[in-house]
Amino acid sequence: MESINASIDIDKRLWREDIAGSRAHAAMLAEAKIITRQDATAITKGLDQIAEEIERGEFQFSRALEDIHMNIEARLKALIGEAAGRLHTARSRNDQVATDFRLWCRRACDEAEAALRALMAALAAKAETHADAVMPGFTHLQTAQPVTIGHHFLAYVEMFSRDAGRFADARARMNECPLGAAALAGTPFPIDRSLTAEALGFDRPCANSLDAVSSRDFALELLSAASITAVHLSRLAEEIVLWTSPQFGFAALSDAFSTGSSIMPQKRNPDAAELVRAKTGRINGSLNSLLNVMKALPLAYAKDLQEDKAATFEAVDALALALAAMTGMVGDIAVNREAMKEAAARGFSTATDLADWLVRALAMPFRDAHHVTGRIVAIAEQKNARLDELPLEALQAVEPRITQDVFSVLSVDASVASRKAYGGTAPDNVKREARRWVSALAREK
Ligand code: ARG
């Protein structure tokens, strides 16, 4: 029974929140004259000492005492005697744990948001440095059109900024206090729930006692935000794995963020990127785990709810590590501008620019321009030449009205520079957007 029932090995992490909740509750009980001032003072002093003991690693956690709430209460009893027994007036472990866990998840939201902003700042700084560095843009992982790597980095800044917004939204919704809901039905004692809510930084008390003790959608929202963030991280991690491979050769990580092989001396493995990619599995798994714990659970409290913490702690820890590692890698990564540019020019990446020129200069319908361009690409392929290396006569053999002016759009630099419409990859746009992000993120600090 003890083995399946005890949660102390996991929920001891809630000790700070548990003590904060008890302090607020004791102060409120005294204010409402439910316990005496003397008892409240003794309780607070005892809790202070317990906090110190835990901080110093001297506290004896006991599995026989089941969970963090009973462990702290038992120690309080040993320290201050009878007054300790009055702390649990108008309270149950059900509203207590719900309060502790909300406090913990609220801080997790704040920390994830801060870590995301640090990552965004690293990406925006890289984007500004490489606002004009051309790389192949891909669709289907096939060379599509040239883009700049600054634009590519800023795509992730947009994603991570929405992720930060999701943590902020989740935080705002979870910021209601369950304390005082007691076991499930509320309490006959004349408690002041607004007082405890305010003392703990909540916006207001939860309005329904049954909901207060039995809901965990606040943790589900945290895990959803974590999962979406992890998915975004995994895409960037995967790209770092690809870019740093000798086959791509677009970028390199220093020794600080890569590892050697124990057998192959030439290897520089992007282990951190691979682990960030893999953490996604554990984070998404945690969301799935808690969704299934909650499914079909009748109101109000059931011990199933104790299984909410392991999954949440694991996901939040994994996300924090993944965000820190990714921030480090983004700062560390060295971009090989020449190799990227060379790759960008391969694969007839400016074929669309040629078709667009035919539309603009010759007033050709786009479908016809597409067809003419296809024939020119076939010739280039045959001659093993890039589009901008073909002689004008070769182009004119397909479409006699083509003039020398066409070469002004066929280079990769011209291609990216032309994409000036809002949201496009033109270096001027990228520089402006990168600067906007750099200064916005510095302001929010
Ligand atoms: N350790 C429990 C949990 O995490 C605390 C609440 C226990 N409540 C109860 N009625 N047994 O859910």
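Just so you know, ligand 1 is whichever comes first in the structure, and atom 1 is the first atom listed for that ligand. Below, each value reflects all heavy atoms present in this structure, side chains not excepted, and no hydrogens, waters or symmetry copies. On a predicted model such as this, the values are computed, not experimentally measured, just so you know. One is the number of the first residue; the rest follow in order along the sequence.
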Donor + acceptor pair across side chains of H232, R235 (<3.5 Å): no

Establish, yes or no, whether the cationic atom of K12 lies under 6.0 Å from the six-membered ring centre of F61 and within 45° of the ring axis. yes

Can you name the residues that come within less than 4.0 Å of ligand 1, going by heavy atoms only? S7, D11, D67, H69, R93, N94, V97, Y301, Q306, K309

Pair R23 + D48: basic N to acidic O under 4.0 Å: yes

Short N-O contact, E82 and R86, less than 4.0 angstrom: yes

Out of F138, F250, W243, which one pairs with H152 under the ring pair (Phe, Tyr, Trp, His ring centres under 6.0 Å) rule? W243

If you draw the axis of the six-membered ring of F202, does the NZ or CZ of R102 fall within 45° of it and under 6.0 Å from the ring centre? no

